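So the structure is just underneath, and the comments pick up after that.
All values reported here derive from a predicted model rather than from experimental measurement. Every number for a ligand or one of its atoms is a count from 1 in the order of the listing.
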Amino acid sequence: MSNPSLLILPGDGIGPEVMAEVRKIIDWFGAKRGLAFDVEEDLVGGAAYDRHGTPLADETMARAQEVDAVLLGAVGGPKYDDLDFSVKPERGLLRLRKEMDLFANLRPAVCFDALADFSSLKREVVAGLDIIIVRELTSGIYFGEPRGIFEEGNERVGINTQRYTESEIDRVARAAFELARKRGNKVCSMEKANVMESGILWREVVQKVHDEDYPDVELSHMYADNGAMQLVRNPKQFDVIVTDNLFGDILSDAAAMLTGSLGMLPSASLGAPMENGRPKALYEPVHGSAPDIAGQGKANPIACILSFAMALRYSFDQGGEADRLEAAVNKVLADGVRTADLLAQEGVEPVSTAQMGDAILAALDAGL
Ligand code: NAD
């Protein structure tokens, strides 16, 4: 049997720097755990624009459709700010998400014990936190028609349309219930059924999917504004949260800050199962290309490394190996190793991107 395949797209700014550390981790699993991957690397974002005049070449798109999982660094940077919208670096990422039809965006918010004091909330509120937000990613108000800025009488009007079909809600609800079964078996669905018809339909469909196929999972519904409040009041009450594209965008950013630094946050975007049973999948850190620190060896590679841990768990059914990698990250943090973004206490010298990667490798070795 051939090895599972990975397409790596480091992108721009700190993307290549953090991805270099992920490459070391991937090699470690091949050498020490007999878990080898066939890895290809290609361009995305500004790097692809510089080479091909487009932020994602057609051949790269085609490979992304064929491989078992795509791992992306980050795209964008000031150099590309004045480009036409159609060729901006972000369009490369959007094209991947759209053409792979990645409808479920998984954003974990996990608070590593060693970083609990780093959160803007009290230690007791966040210590031990382990929740995941499933955001619908391919529909809703960011895509609905009509959209645009129109003339209306003697002024302009800006219009966006929130639109969800039953099947779009059904498939993301299933993704959330499946995930919950592998975790705490609890789903909270968030919308605004009190003021939005799309929210009423969302609630109905989620309940129906639950009653028909997932009665064993505990389901609750919450208005998204209350959800935002509960997330900062008592985030540990949640296990899996499922919500639409707009609310998910905002709620997942709020949840992200529960855990401290952007440099710690991984994500996965999943689509329908392929012929081999694996879902179409793109894994990427939540952060951007961080032009302010790019090229200085300061970037925290953990978000990207934890994105690979998610790939192990959700694409390759290697939950045990994902646990191993997360435990190594936990150990390194507990030992006080910190990149500059994680520095809270005075007198602690930050390590470089590569030193953080090496420390995680050493912790992996120590865990064997
Ligand atoms: P950003 O996430 O790149 O940076 C925000 C702040 O967090 C910066 O101060 C940065 O130094 C810091 N930071 C981010 N990641 C870090 C890491 N791993 N280690 C240490 N510090 C880290 O967001 P931004 O500054 O708003 O955007 C910069 C560029 O990235 C823009 O071109 C934007 O469009 C793009 N962007 C891309 C993505 C993506 O590729 N998915 C996401 C967000 C922004």
Revision key, fill the gap. Chain-and-number sorted residues having a heavy-atom contact under 4.0 Å with ligand 1 are I14, A74, V75, G76, G77, E90, L93, L262, G263, E284, V286, H287, G288, S289, A290, P291, D292, I293, A299, N300, D341
Check your understanding: Between K280 and D101, is there a side-chain N and carboxylate O pair less than 4.0 Å apart?
Key -> no
Point to revise | Point-to-point distance, once rounded to the nearest 0.5 Å, from CZ of R183 to CD of E178 | key: 14.0 Å
Review point. Taking NZ, NE, NH1 and NH2 as the nitrogens, is one of them in K298 or D341 under 4.0 Å from a carboxylate oxygen of the other?
Key: no
Point to revise | NZ/NE/NH1/NH2 to OD/OE distance under 4.0 Å, D58 and R95 | key: yes
Practice item. Using a strict cut-off of less than 4.0 Å between a Lys/Arg side-chain nitrogen and an Asp/Glu carboxylate oxygen, indicate whether R156 and E151 qualify as a salt bridge. Key: no
Review point. Is K88 salt-bridged to D81, going by a charged N under 4.0 Å from an acidic O?
Key: no
